[in-house]
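Comments concern the structure below.
Worth knowing before you read on, the calculation uses all heavy atoms, side chains too, and leaves out hydrogens, waters and symmetry mates. Residue numbers start from 1 in every chain, and the chains themselves are labelled A, B, ... in the order their sequence lines are given, proteins ahead of strands.
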Protein chains: 2
Amino acid sequence: MYSGPMSTSERLIASTQDLLWERGYVGTSPKAIQERAGAGQGSMYHHFSGKPGLALAAIRRTAEQMRAAAEASFSGPGGAGDRLRGYVLRERDVLRGCPVGRLTMDPEVIADPELRRPVEETLTWLRARLAAIVEEGRRDGEFPARLDPAATAATIVATVQGGYVLARAAGSTAPFDAAVQGLLALLGVDGVPEPDPAPGPGGVPGPPGAAPRTGPESGPAEAAG
Amino acid sequence: MYSGPMSTSERLIASTQDLLWERGYVGTSPKAIQERAGAGQGSMYHHFSGKPGLALAAIRRTAEQMRAAAEASFSGPGGAGDRLRGYVLRERDVLRGCPVGRLTMDPEVIADPELRRPVEETLTWLRARLAAIVEEGRRDGEFPARLDPAATAATIVATVQGGYVLARAAGSTAPFDAAVQGLLALLGVDGVPEPDPAPGPGGVPGPPGAAPRTGPESGPAEAAG
DNA sequence: GTCTATATCCAGATAGAC
DNA sequence: GTCTATCTGGATATAGAC
């Protein structure tokens with residue numbers, strides 16, 4: 001991923017990606033985009049048709065990036081269970097939420113078929129890709145044969161997307177981690193693989209047992225997914 | 001729930017609840033609230049301190065209503081599995097999303113501790129309530145003893161919240177239904193209970209098997225949850 | 001309690017010079 | 001390609017009459 005000096009139009013796209021992630025479509029003004037990109041109004045309206053056009057370019061870019069990041073987990077080494085665990089446990093900027101899923105709450109994005117399409121395609125691709133992995137694991141005897149791959153895939157994606165919601169509500173990553181550990185346990189793909197295996201108290205009242213990752217949060221501005 | 005003629009301040013609160021659900025905090029203007037409530041500017045600023053004050057009243061109201069609606073499922077008849085299934089399958093305005101979870105994507109809500117608190121409390125309550133039900137089912141032998149109640153509860157809430165995201169992205173309730181059926185299958189609480197048991201094709205590429213409810217969507221403006 | 005000014009600033013964009 | 005006006009309207013109030 002080239003990240004040397006960027007052209008004005010690239011900077012405008014990148015700034016819009018950031019702002020759409022942070023504040024959504026309705027909450028993002030042309031002025032804010034221009035300021036963050038270090039560009040004037042003229043530049044923005046020279047390169048793009050207006051806010052919707054620029055948002056479309058930004059959303060497409062974000063969707064591409066999220067796919068690439070997810071595919072890195074999917075096509076990694078190991079069996080279906082390993083790759084599935086790798087995907088749900090992969091490093092994420094949890095408190096920022098998912099830059100694609102977030103757009104789903106934007107009425108103007110949902111109302112505009114062009115803006116919605118990349119969002120829909122990305123999430124549909126994700127479900128299909130996960131369904132294939134569940135199917136593979138089922139064939140290999142890693143998962144119970146009774147699992148419906150498409151439904152299970154939807155549950156996996158939903159758990160991740162909903163995990164962001166719980167984390168942002170709580171102001172903590174703990175509920176995200178709890179949701180993901182609960183999912184892995186239900187799938188029979190248990191165990192914390194990466195570092196920091198010391199279990200701490202969960203973020204919710206009731207019996208303990210979840211093993212939240214307690215690592216740092218505000219990391220790189222990469223796609224979450 | 002009394003729903004006769006409402007005072008101006010009640011109409012302002014109700015209108016704000018609707019608009020926060022549809023468009024979020026940043027996307028909701030005082031003017032839009034006033035128009036929907038049939039009230040003038042003066043009335044709004046007489047009864048409330050401004051947009052944040054009115055939003056706080058509306059968010060608290062929505063949180064109360066969602067709790068009441070969820071509690072109706074939780075305290076209903078049947079075993080833990082029945083009540084859990086009743087909760088996740090209960091009628092929802094899926095394409096509208098969750099009026100509480102939605103606020104989580106609003107930067108101004110998350111940044112303001114007063115506005116965030118009702119959101120956090122509601123979702124935390126929901127997890128605790130579900131954890132107790134999972135725990136109960138575990139004791140009764142309905143669920144595997146190895147399940148962690150808190151983590152499983154987080155997974156359940158996350159699946160529902162993420163199901164809304166998938167449904168809105170797809171412009172269809174099918175992925176929500178698929179996610180929920182996948183969850184129930186993982187929990188070993190199978191079967192479509194209510195009407196319309198004829199399974200249709202799922203909304204995702206890959207092997208079929210999910211049984212989406214295909215009923216009407218735009219129903220009453222009640223809390224989803 | 002409700003209404004109609006009035007005020008300031010920002011959103012979103014166009015025009016045209018450089 | 002980029003910049004600085006300039007424009008119309010909405011966001012978010014305050015003031016004060018009724």
Side-chain angles (χ1 to χ4, degrees), chain A residues 2 4-59 61 102-103 105-112 114-116, chain B residues 4-59 61 102-103 105-112 114-115:
Chain A
Y2 175 72
M6 293 161 85
S7 70
T8 298
S9 102
E10 286 297 310
R11 288 200 321 274
L12 283 165
I13 290 177
S15 301
T16 306
Q17 287 184 269
D18 282 357
L19 284 164
L20 287 181
W21 192 357
E22 278 172 36
R23 311 192 33 87
Y25 185 84
V26 278
T28 296
S29 70
K31 187 180 184 185
I33 292 169
Q34 293 149 20
E35 278 170 359
R36 187 170 297 213
Q41 299 204 70
S43 298
M44 174 178 147
Y45 287 101
H46 173 75
H47 291 288
F48 301 95
S49 57
K51 182 177 162 177
L54 178 47
L56 181 57
I59 291 173
R61 182 72 59 88
R102 196 244 173 277
L103 299 169
M105 293 301 138
D106 250 304
E108 326 251 315
V109 170
I110 293 307
D112 182 334
E114 249 190 335
L115 292 180
R116 183 168 67 83
Chain B
M6 294 161 85
S7 69
T8 297
S9 102
E10 285 296 311
R11 287 198 324 273
L12 284 165
I13 291 176
S15 302
T16 305
Q17 289 184 270
D18 282 358
L19 284 164
L20 288 180
W21 192 358
E22 278 172 37
R23 312 193 33 89
Y25 185 85
V26 278
T28 296
S29 71
K31 187 180 183 187
I33 293 169
Q34 293 149 21
E35 278 170 359
R36 187 170 297 213
Q41 299 204 70
S43 297
M44 174 178 146
Y45 287 100
H46 173 75
H47 291 288
F48 301 95
S49 57
K51 182 177 161 177
L54 178 48
L56 181 57
I59 291 173
R61 181 73 58 89
R102 197 247 172 276
L103 299 169
M105 293 301 137
D106 250 302
E108 326 252 315
V109 170
I110 293 306
D112 182 333
E114 248 189 335
L115 292 180

Polar side-chain atom of [X] near backbone of [Y] as donor-acceptor pair, under 3.5 Å:
X	Y	value
A:T28	A:L19	yes
A:D106	A:Y25	yes
A:R102	B:M105	yes

What integer distance in Å separates [X]:[atom1] from [N]:[atom2]?
X	N	atom1	atom2	answer
B:M44	D:dA11	CE	C1'	10 Å
B:L54	D:dA11	CG	C1'	15 Å
A:H46	C:dA17	NE2	P	17 Å
B:E35	C:dC3	CD	P	13 Å
B:F48	D:dT12	CZ	P	16 Å
A:E108	C:dG12	CD	C1'	12 Å
A:R23	C:dC10	CZ	P	13 Å
A:Y45	C:dT14	OH	P	7 Å

Quiz item: Yes or no on salt bridge (Lys or Arg N to Asp or Glu O under 4.0 Å) for A:K51 and A:E108, after CA distance, side-chain angles and deciding distance?
Solution: CA-CA 12 Å; A:K51 182 177 162 177; A:E108 326 251 315; over 6 Å; no
Self-check item: Side chain of A:P52 (C-beta onward), nearest among C:dA13, D:dG10, D:dA13
Solution: C:dA13
Self-check item: Proximity to the side chain of A:Q41 - top-ranked nucleotide from D:dG10, C:dC10, C:dT14
Solution: C:dT14
Self-check item: A:D112 and A:R116: CA distance, side-chain angles, deciding distance, side-chain contact (heavy atoms from CB on, under 4.5 Å) verdict
Solution: CA-CA 6 Å; A:D112 182 334; A:R116 183 168 67 83; over 6 Å; no
Quiz item: Base, sugar-phosphate alone, or nothing: which one does B:S9 contact when heavy atoms must sit under 4.0 Å apart?
Solution: nothing
Exercise. Using a heavy-atom cut-off of under 4.0 Å over every strand shown, decide if B:G42 touches base, sugar-phosphate, or nothing.
Key: base
Side-chain N or O of [X] less than 4.0 angstrom from OP1 or OP2 on [N]?
X	N	answer
A:K51	C:dG12	yes
B:H47	C:dT2	yes
B:T8	C:dT2	yes

